[in-house]
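What follows is a set of notes on a single structure, which appears directly below.
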Protein chains: 2
Amino acid sequence: MSDGKTFEQIVASADDLFYRQGFENTSFADIAAEVGISRGNFYYHFKSKDEILNAVIEARLADTRAMIAAWEAETEDPEGRICCYIRILLDHQSEIMAHGCPVGTLTSELAKLNHQAQGAANGIFTLFRDWLRLQFERLGCGAESDRNAMRVLAWSQGVATLANAYRDEDFVRREVEEITGWLRARVRDCAA
Amino acid sequence: MSDGKTFEQIVASADDLFYRQGFENTSFADIAAEVGISRGNFYYHFKSKDEILNAVIEARLADTRAMIAAWEAETEDPEGRICCYIRILLDHQSEIMAHGCPVGTLTSELAKLNHQAQGAANGIFTLFRDWLRLQFERLGCGAESDRNAMRVLAWSQGVATLANAYRDEDFVRREVEEITGWLRARVRDCAA
DNA sequence: GACGGATTAGGACGTATGTCCTAAAGAGTG
DNA sequence: CACTCTTTAGGACATACGTCCTAATCCGTC
């Protein structure tokens with residue numbers, strides 16, 4: 001019933017379209033066209049559009065966990081790991097300039113729709129937040145760790161929003177350097 | 001034809017609803033219900049929904065200009081003026097936690113819709129950006145002025161996005177203090 | 001009070017959408 | 001080949017939406 005090839009394709013296309021066009025603005029016809037199936041076929045795999053959204057959020061949660069796992073495999077150094085997160089802004093620069101941050105724009109849209117999946121979408125933020133907090137704790141930031149994690153999240157969200165508005169590559173590059181510099185200083189302070 | 005009482009009410013209600021529910025997700029029926037007029041009456045004042053959006057953006061531009069003028073009347077001190085901008089986060093805290101930043105969420109939505117009014121909506125950002133840059137220039141930040149202005153914009157945008165996601169009052173308050181502290185340090189650096 | 005332009009109400013129209021239903025096609029098993 | 005369960009196609013259905021049209025109402029002026 002679930003977890004077939006078509007199921008995965010629907011989720012993948014919906015994921016992409018929700019990111020590029022927004023959830024509300026993406027129709028079944030859009031997804032069907034991209035997957036190459038008929039419109040009526042959705043209801044064999046999903047009971048409603050909201051259920052597709054839930055599956056997309058699940059997929060994003062899984063992707064995020066995998067991404068974090070890859071960063072953990074990349075380096076043991078907490079500061080280096082935090083830099084991995086910051087580097088998303090560069091690695092996905094063109095997509096971010098075109099469509100913003102996938103997490104931030106989705107949570108914003110769901111907040112306006114008063115959608116039930118809001119909490120689930122926030123879970124993606126929380127995945128990053130908790131992991132970043134852990135890295136700051138390992139750096140000795142103690143009680144400040146969560147605040148630092150939130151600062152990194154907020155900073156990157158702001159950069160994504162303005163990058164999307166102005167499509168300015170240099171701005172993104174400069175801010176990434178600035179965040180990295182702030183991080184270095186913060187690590188020094190915490191270690192002291 | 002234009003600029004009547006009904007016209008103003010439509011723009012005011014649309015402005016409010018676009019903020020709370022999003023542009024795409026707000027229908028003529030919604031606006032009509034809030035203003036108390038019939039649905040078909042819109043087309044006497046506006047040729048299309050996009051024209052309402054344009055009027056809303058015009059109104060927001062005017063409001064922003066008025067807000068900036070009020071700040072300029074409030075104090076001559078550039079640092080104090082920048083603090084006025086930062087203080088929006090506190091003055092409109094509950095709305096921001098409920099619906100995000102009106103500017104950031106609108107530009108994000110229009111970007112996803114590939115809407116023609118995207119540029120006009122960015123103009124609101126630019127109003128703040130140019131004015132903030134001017135204040136930094138007067139503080140002696142020189143070539144760094146625009147970067148500092150963008151940083152203040154980005155920071156506040158990020159705080160708004162996360163405030164909307166987590167609805168955490170303390171987080172907003174802490175970040176405002178942090179930005180203010182950063183500003184003080186930056187002013188010191190520039191003056192030196 | 002009568003006229004005329006400004007404004008409004010109400011509904012028609014075509015389209016798009018989410019949802020649902022049913023018949024057909026596909027795939028695997030005996 | 002026959003049977004069954006899974007999967008798909010295609011369209012029906014009600015609803016909501018943006019747009020447009022027309023008749024009615026308001027209101028200031030003569």
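Not measured: the values here are computed from a predicted model. In what follows, chains carry the letters A, B, and so on, assigned in the order in which the sequence lines appear, proteins first and then strands, with residues in each chain numbered from 1.
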### Message
What is the separation between atom CD on E8(A) and atom C1' on dT7(D), rounded to the nearest whole Å?
### Response
16 Å
### Query
Does Y43(B) have a side-chain nitrogen or oxygen under 4.0 Å from the phosphate oxygens OP1 or OP2 of dT19(D)?
yes
### Query
Within this structure, what is the NZ-to-P distance between K47(B) and dC21(D), rounded to whole angstrom?
14 Å
### Task
Specify the separation, in whole Å, of atom CD1 of I10(B) and atom C1' of dT8(C).
11 Å
### Task
May I have the distance from E51(A) (atom CD) to dT19(C) (atom P), rounded to whole angstrom?
10 Å
### Query
Among all residues two or more places apart in sequence or in another chain, which pass the disulfide (SG to SG under 2.5 Å) test with C84(A)?
none
### Query
So among N54(B), V11(B), L53(B), which one has a side-chain contact (heavy atoms from CB on, under 4.5 Å) with F46(B)?
V11(B)
## Note on the structure
Taken in chain and number order and not counting sequence neighbours, the residues that satisfy side chain to side chain donor-acceptor pair (under 3.5 Å) with R138(A) are Q135(A)
### Task
Please state how far atom NZ in K5(B) lies from atom C1' in dT7(C), giving the value in whole angstrom units.
14 Å
### Query
Between atom CZ in F42(A) and atom P in dT17(C), what is the gap in whole Å?
12 Å
### Message
On DNA chain C, does the nearest nucleotide to G40(A) precede the nearest nucleotide to S38(B) from the 5' side, or the other way round? Give the residue.
### Response
S38(B)
### Query
OP1 or OP2 of dT8(D) less than 4.0 angstrom from a side-chain nitrogen or oxygen of Y44(A), does that happen here?
no
### Spacing of D50(A) atom CG relative to dG18(C) atom C1', expressed in whole Å
10 Å
### Message
Just N and O in the side chain of H45(B): are any of them under 4.0 Å from OP1 or OP2 of dA6(C)?
### Response
no
### Query
Do the ring centers of Y166(A) and F171(A) come within less than 6.0 Å of each other?
no
### Query
Using the benzene-type ring in the case of Trp, are the ring centres of F7(A) and F42(A) under 6.0 Å apart?
no
### Query
With distance as the sole criterion, is a donor-acceptor pair present between the side chains of W155(A) and E175(A) under 3.5 Å?
yes
### Query
Could you give the CZ-to-P distance, from F46(A) to dT8(D), as a whole number of Å?
11 Å
### Task
With K112(B) as the cation and F18(A) as the aromatic partner, state whether NZ or CZ is under 6.0 Å from the six-membered ring centre and within 45° of the axis.
no
### Query
Looking at T6(B), does any N or O in its side chain come under 4.0 Å of the phosphate oxygens OP1/OP2 on dT8(C)?
yes
### Summary
What residues 21-34 of chain A contributes to the DNA chain C interface at heavy-atom separation below 4.0 Å is T26(A), S27(A), F28(A)
### Task
Measure from the side chain of N41(A), starting at C-beta and using heavy atoms only, and say which of dT8(D), dA6(C), dC20(D) lies closest.
dT8(D)
